[in-house]
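The block underneath contains the structure these notes are about, expressed in structure tokens.
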Amino acid sequence: MSNDAKGMSLSAEQRDEMLNKLKNRFEKNMNRHKGIEWSAAEARLNSQAGGGKLWSLYEMERTGGEPDIVSCDAATGEFIFCDCSQESPAGRRNLCYDRAALDARKSFKPADNAIDLATAMGIEILTEEQYRDLQKLGNFDTKTSSWIMTPSDIRKLGGALFADRRYGAVFVYHNGASSYYSVRGFRGSLRV
């Protein structure tokens, strides 16, 4: 089901504003998307294939993610947007990993969890590989950390993975999935 089908659409003014933000960010950060033309991405966003994806990008922006194109899938022609904010998006912090972790907390529950929020936004949490690829484009999460997709065997044991950049290197760590911190959020990706 597309985001528009769920009633999550943007006004014409919001669409224009979002497209302008994306275009300006694209032009200011050409190192992130060498060989990609903005006109092709804009055409895709305005096409049927782009559908309600602009709403998801709007939500990424609204929560502090600063989405930008980081690659293009040669097989499908899809543009891959990712949260490129310097630190983990401020509007997506203080979250435990998933619904099971949130439900398991007896007290001091956070407002939400990363997996459900990403789903509601129509985006996917970065995998470890995607997170490491993003770090090749800049120095992200030098003061914060971000939940990343956790393999099911680790999650079944109560853990979850997060990553950050410290000392010039990318680190992947584990924590209890029900933990949450003011400096840990999540980064998402969206294929358009």
Side-chain angles (χ1 to χ4, degrees), residues 1-3 5-6 8 51-53 55-57 59-60 63-76 78-85 87-138 140-167 169-192:
M1 183 182 297
S2 77
N3 290 333
K6 293 188 243 178
M8 300 172 187
K53 305 268 178 119
W55 179 86
S56 293
L57 290 166
E59 286 298 292
M60 291 170 80
T63 56
E66 301 177 19
D68 198 3
I69 297 173
V70 295
S71 65
C72 180
D73 185 324
T76 65
E78 293 173 307
F79 295 98
I80 301 165
F81 286 82
C82 185
D83 288 309
C84 291
S85 55
E87 302 299 336
S88 196
R92 293 185 240 150
R93 296 184 193 166
N94 281 311
L95 305 168
C96 59
Y97 181 71
D98 60 12
R99 173 62 53 188
L102 181 63
D103 291 345
R105 287 195 68 92
K106 303 292 183 227
S107 58
F108 305 110
K109 290 186 178 204
D112 208 341
N113 69 83
I115 298 294
D116 285 354
L117 184 54
T119 300
M121 293 171 66
I123 64 176
E124 294 182 358
I125 290 180
L126 298 186
T127 64
E128 181 178 347
E129 180 182 6
Q130 289 170 321
Y131 188 87
R132 289 184 183 281
D133 286 345
L134 175 66
Q135 290 286 2
K136 293 174 186 172
L137 302 176
F140 301 98
D141 289 340
T142 60
K143 297 175 188 162
T144 59
S145 61
S146 295
W147 290 114
I148 59 174
M149 287 302 294
T150 299
S152 60
D153 55 335
I154 293 172
R155 185 61 197 96
K156 284 178 189 171
L157 297 172
L161 301 180
F162 66 96
D164 61 26
R165 176 183 283 276
R166 301 290 192 274
Y167 310 107
V170 176
F171 292 92
V172 174
Y173 310 88
H174 60 90
N175 215 175
S178 62
S179 65
Y180 65 97
Y181 301 94
S182 63
V183 294
R184 182 172 309 147
F186 72 89
R187 293 178 180 275
S189 69
L190 178 71
R191 299 173 77 90
V192 178

With rounding to the nearest 0.5 angstrom, report the CG to CG distance, Leu57 to Asp68.
10.0 Å

Can you list the steps and then say if Ile115 with Arg99 is a side chain to side chain contact (heavy atoms under 4.5 Å, CB included)?
CA-CA 7 Å; Ile115 298 294; Arg99 173 62 53 188; over 6 Å; no

Could you tell me whether a side-chain N or O of Arg92 sits under 3.5 Å from a main-chain N or O of Met60, the two making a donor and an acceptor?
yes

Indicate yes or no: at least one non-hydrogen side-chain atom of Ser189 is less than 4.5 angstrom from one of Glu124.
yes

More than 12 heavy atoms from other groups under 6.0 Å of CD on Glu78:
yes

Flag the pair Tyr180 / Asn94 as yes when at least one side-chain heavy-atom distance between them is below 4.5 Å, and no otherwise.
yes

What heavy-atom pair brings Val183 and Lys143 nearest, and what distance separates the two atoms?
CB-O, 4.2 Å

Worked verdict on Asp164 versus Phe171 for side chain to side chain contact (heavy atoms under 4.5 Å, CB included):
CA-CA 6 Å; Asp164 61 26; Phe171 292 92; 3.8 Å; yes

Nearest atoms (heavy-atom pairs only) where Gly188 meets Asp83
N-OD2, 2.6 Å

Partners meeting ring-ring contact (aromatic ring centres under 6.0 Å, His included) with Phe162 (sequence neighbours left out):
Tyr173

Which atom names give the shortest non-hydrogen contact between Cys96 and Ala177, and what distance separates them?
CB-O, 3.3 Å

Thr142 side chain to Arg165 main-chain N or O, any donor-acceptor pair under 3.5 Å?
no

From Ile123 CD1 over to Leu190 CG, what is the distance, rounded to the nearest 0.5 angstrom?
7.5 Å

Arg187 side chain to Leu126 backbone, donor-acceptor under 3.5 Å
no

Going by the side-chain contact (heavy atoms from CB on, under 4.5 Å) test, name the single residue among Lys136, Glu128, Arg132 that passes it with Val170.
Arg132

About how many Å separate OH of Tyr97 and CD1 of Ile148, when rounded to the nearest 0.5 Å?
8.5 Å

For Pro89 versus Phe186, what's the shortest heavy-atom pair and its separation?
CD-O, 3.4 Å

Give, for atom CG of Leu161 and atom CD1 of Ile154, the distance between the pair rounded to the nearest 0.5 Å.
4.5 Å

With side chain to side chain contact (heavy atoms under 4.5 Å, CB included) as the test, would you mind laying out the steps for Asn175 and Tyr181 before giving the verdict?
CA-CA 11 Å; Asn175 215 175; Tyr181 301 94; 3.2 Å; yes

May I have all residue pairs that pass side-chain hydrogen bond (donor to acceptor under 3.5 Å, both in side chains) and include part of residues 144-154, sequence neighbours excluded?
Glu87-Thr144, Ser88-Ser146, Asp141-Thr144, Asp141-Ser146, Ser145-Arg184

How many angstroms lie between atom CG of Asn113 and atom OG of Ser178, to the nearest 0.5 angstrom?
11.5 Å

Using every non-hydrogen atom in the two residues, find where Cys84 and Leu134 come nearest and quote the distance to one decimal.
SG-CD1, 4.0 Å

Gln135 side chain vs Phe140 backbone, donor-acceptor pair below 3.5 Å
yes

Would you compute the distance between atom CZ of Arg191 and atom CD1 of Ile80 and round it to the nearest 0.5 angstrom?
4.0 Å

Just do the side chain to side chain contact (heavy atoms under 4.5 Å, CB included) check on Met149 and Arg155 with the steps written out, would you?
CA-CA 10 Å; Met149 287 302 294; Arg155 185 61 197 96; over 6 Å; no

